[in-house]
Amino acid sequence: MIRLSVTKNEYLMIGQDVRLTFLGSNDKSLKIMIDAPREINIARGKAIEKRAREEAAAAEKSEEI
């Protein structure tokens, strides 16, 4: 794991194909741009957690039947 302080328009490279550019921030959020090949899956943590909760709820329902 890495923890960094960055300035506006600074970027990080992940491997040779993924570039994260930090566009700025306000009190509530940080804006980033991700430039990556289409074959790389990018998902928000909130979306992953929501899907996991939905799948767990569906599994519980199927066990009740």
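Values below: every heavy atom of this structure, side chains too, minus hydrogens, waters and symmetry copies. When a residue number appears, it is its place in the shown sequence, counting from 1.
Listed here is the closest heavy atom pair of Gly24 and Leu30: O-CD1, 3.5 Å.
Contact annotation: the side chain of Ile42 never approaches that of Val18 to less than 4.5 Å [non-hydrogen atoms, C-beta and beyond]. For the pair Ile32 and Thr21, the minimum side-chain heavy-atom distance is 4.5 Å or more.
Follow the hydrophobic side-chain contacts under 4.5 Å out from Met13 and you never reach Val6; the two are in separate clusters. By the rule that hydrophobic residues join a cluster once side-chain heavy atoms approach within less than 4.5 Å of another member, Ile2 and Phe22 end up as members of one cluster.
Going from atom CD of Glu10 over to atom CG of Leu12 covers 6.5 Å, rounded to the nearest 0.5 Å. For the atom pair CD1 of Ile14 and CG of Asp35, the computed distance is 11.5 Å after rounding to the nearest 0.5 Å.
Applying the side-chain hydrogen bond (donor to acceptor under 3.5 Å, both in side chains) rule to Asn26 yields the partners Ser29; only residues at least two apart in sequence or on another chain are considered.
Here the rule is side-chain contact (heavy atoms from CB on, under 4.5 Å) with Arg53, and of Glu49, Arg51, Glu55 only Glu49 fits it.
Through chains of ILVMFWY side-chain contacts below 4.5 Å, Met33 is grouped with Leu23.
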